[in-house]
Structures are given as structure tokens and as C-alpha cells.
Amino acid sequence: MMRSEFVIEGVKKFSIEQIAESGQAFRWEKDQNGGYTGVAFGKVINVIQEKDKVIIKGANKEDHQKIWKNYFDMDRDYGQLIKGLKGKDIHLDSAILFGEGIRILNQDLWEMIISFIISGNNNIPRIKKSIDIICEKYGDFIDEIDGKKYYSFPSPSQLSIATVDDLRKCGVGYRDAYIHKTTKVILEKQVDLDLIQNMNLEDARKELKKLTGVGDKVADCILLFSCKKTTAFPVDTWVKKILTTYYGLKKTSVKEVNKFAIEYFGEDCGIAQQYLFYYIRNQNL
DNA sequence: GTCCAGGCTCTTT
DNA sequence: AAAGAGCATGGA
């Protein structure tokens, strides 16, 4: 099969493996060649890496300029960022050393909303499976590669066809009603996604929490992984464990934690959170 | 069988 | 404002 490819040379602080396995994106899969295949913004790409050379199969220069450059957060200097985070404590230093190829992706806002509604009180393999089913049932067929069919994440309009029972059959459990309501509210623009991108963190979080199934943690994930809000500091069960055992936090209320995070880790605390999350999740597994 | 997973909503203090 | 119960589902 003839597929175009785009090569980026001299890429620092970039590991497609760490990015794909870091729990911020749910549509990346390892292939036989050590590369990763992912779906985003209606396209399928395969990424393989030879040290600081990143090869994106299924993309051309125009795609890269329009989609993937921003998706992979290529305009942020992670070397500089890491310099600013290093030397604070042994835990973060270890986490950065372990996951220095992580990047915070800039994903589709709508897709992140539904994906992280599904993530609540759930585990990553099952989140992935549910999203796969949803895409296959309600998204567009994109391509077939090595015998596997790939589908886009459905638009609000496409997903609005699904009833609550239909959604239950996608394996999302009791979150079926959350997804159903949220889809309707977004489709009717009772919550306008175009406005959220430009809001400050507080306002954006408040707006997102109007959606059923979106609380503080889910809102922070959405804003960090799709809106460049690096001051968002999502606190899940893992991060809570880190904060109480390593950073001596007794109270883990959203307000307390966010205040601590910004004061201690700085304006890019959300990215620090991601290094810590990736690190602790790979310790005992 | 119990416990847990990138928590939230709803109810009760 | 804060704390607790209940929630689908599958894997350990």
C-alpha cells in the first residue's frame, strides 16, 4: 500500500511510546515493529522513532503543519520546561528521568470530554475498549491497515443517534446517561465548546462542570489534554497517593491541591503532574 | 468472594 | 461546606 510519510529530524524529549502509554490518550496501539498507530482528528497515523528522528506514516507535510505539529505540542520547548522543574525534589526528578519523552498532547476538546467522562472510576484498558466500540459504531470509517479497520471519533451529531441503551451496550456502564445528556447539551450549544478554548482556567472549569459526568478532576484532564491549560492539575487516585505519601499533603480538596501545585511546581504544574502520574503507574506494575 | 480503577451525582449531616 | 452511599464492569 502506498502511504505518504513525514519525517521530523532532531526531535528532543519525545518518546512515542511514553506518549501513547501515558494515559492522556486512549486511541494509540503498539504495532509489531515497535511503532504506534493512533487515530486523531479523523486520521490514522503510524509513528516510529529512531532516536531523535520521528517518522509519521500516513501524513504529509501539510497534515503535519495543520494537525500533528500542534497535536504533539511541538512548539513547546520541553528541554527548557524540564530545566525549570528539576531540582525541586527527588520524586519529581526521578519521574522526569523516567518519562522525559512525555508530551502533553493537544487533542480534540469534544473527544476529551466524552473520553474522560468514561474514565471516572474506571481503568485504562476498559476505557480504551469502550471508546473503540463507540468509534466503530458511530464514527466514520477511515481506513483499513494490515487488516484492521480504523474509525474516527464520532461528532456530537453522530453520537446523538445513540440512545442510553445503545451507549450501555458500548460497555460504559452507568456513565451511559452522562454521555447521552452531555452530547445533547453540546449539540444544542447550551455549553459552547468554541468559547471554552479561550477562557481562563477557572471559567473553563466552571463551564465544563455544567456537563453531567464532569467534575473537577475530569474537567482538569479535559483542559490539560485539549486546551493547553497547563495550570490544570488533575487529581485522581494515583496522584492523591503521591501527594499524601511523598508531598505530605493532608487535605486533598481541589482548592488546596491546586494552590499547592501552582506554588510548588509553577505554571506548568499540569505537566509535572503527568510525569508523576506516568512514573507511579509504572512502578508496581 | 473482595478490592480497585485517571470520580461523579445525589443525599444527608 | 463536608462527608457518605451508590454506581456498571472487568481484571487481579
Side-chain angles (χ1 to χ4, degrees), chain A residues 18-28 95 98-99 102-105 107 109 111-134 162-186 191 205-227 229-246 249-259 261 269-285:
Chain A
Q18 291 175 4
I19 292 166
E21 306 287 354
S22 64
Q24 58 177 311
F26 302 108
R27 302 204 68 200
W28 284 93
F98 181 76
I102 290 173
R103 276 160 186 265
I104 300 297
L105 298 175
Q107 304 180 73
L109 173 55
E111 181 175 338
M112 288 302 98
I113 290 171
I114 299 303
S115 298
F116 278 96
I117 285 176
I118 295 170
S119 79
N121 197 27
N122 208 340
N123 57 65
I124 292 177
R126 211 166 75 87
I127 298 164
K128 284 184 172 175
K129 191 178 283 183
S130 296
I131 293 172
D132 271 351
I133 296 171
I134 287 173
T163 64
V164 176
D165 283 343
D166 291 337
L167 291 166
R168 177 62 65 98
K169 290 185 184 111
C170 298
V172 300
Y174 62 88
R175 307 164 192 84
D176 54 2
Y178 299 166
I179 298 170
H180 187 75
K181 273 188 199 166
T182 290
T183 301
K184 184 175 156 67
V185 166
I186 289 175
V191 169
R205 187 188 284 144
K206 200 169 153 190
E207 192 66 16
L208 282 173
K209 282 172 71 177
K210 290 180 183 170
L211 301 168
T212 319
V214 178
D216 287 305
K217 187 270 170 184
V218 166
D220 277 356
C221 280
I222 294 166
L223 292 166
L224 181 58
F225 302 137
S226 73
C227 296
K229 299 284 191 263
T230 55
T231 49
F233 192 87
V235 179
D236 68 333
T237 54
W238 299 90
V239 176
K240 197 172 287 180
K241 204 177 294 178
I242 295 169
L243 292 173
T244 51
T245 53
Y246 296 143
L249 253 73
K250 304 228 183 296
K251 293 178 182 174
T252 51
S253 72
V254 190
K255 242 186 163 172
E256 299 277 346
V257 172
N258 209 257
K259 189 177 175 218
C269 57
I271 304 180
Q273 183 271 9
Q274 194 62 10
Y275 292 123
L276 291 167
F277 174 80
Y278 180 73
Y279 184 53
I280 192 171
R281 278 207 72 229
N282 286 281
Q283 288 311 94
N284 316 327
L285 302 177

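Per chain, numbering begins at 1; letters A, B, ... match sequence-line order.
Along DNA chain C, the nucleotide nearest to Ser253(A) and the one nearest to Gly171(A) differ in position, and the one closer to the 5' end is contacted by Ser253(A).
Looking only at side-chain heavy atoms (C-beta outward), Tyr178(A) and Val172(A) stay at 4.5 Å or farther from each other. Residues Phe26(A) and Phe116(A) are in side-chain contact: their nearest non-hydrogen atoms beyond the backbone lie under 4.5 Å apart.
Partners of Asp132(A) under the side-chain hydrogen bond (donor to acceptor under 3.5 Å, both in side chains) rule, at least two apart in sequence or in another chain, do not exist in this structure. In this view, Glu21(A) satisfies the salt bridge (Lys or Arg N to Asp or Glu O under 4.0 Å) rule with no residue, not counting sequence neighbours. Listed by chain and residue number, His91(A) satisfy the ring pair (Phe, Tyr, Trp, His ring centres under 6.0 Å) test with Tyr246(A) (two or more places apart in sequence, or in another chain). Under the salt bridge (Lys or Arg N to Asp or Glu O under 4.0 Å) criterion, Arg103(A) pairs with no residue at all, not counting sequence neighbours.
Closest approach of Ile242(A) and Phe277(A) over heavy atoms only: CD1-N, 4.3 Å.
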query = For nucleotides 6-13 of chain B, read 5' to 3', which letter fits each nucleotide if B means a protein heavy atom sits under 4.0 Å from the base, S means only the sugar-phosphate is that close, and - means neither?
reply = BBSS----
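Using P as the reference atom, dG6(B) and dA5(C) are 23 Å apart when rounded to the nearest Å. dC8(B) and dG10(C) have their P atoms separated by 22 Å, with the value rounded to a whole Å.
Heavy atoms of Arg168(A) sit under 4.0 angstrom from primed sugar atoms or phosphate atoms, though from no base atom.
Nucleotides of DNA chain C that come within less than 4.0 Å of any heavy atom of chain A span, from the 5' end to the 3' end, dC7(C) to dG10(C).
Here the side chain of Gln273(A) pairs no donor or acceptor atom with the backbone of Val239(A) at under 3.5 angstrom.
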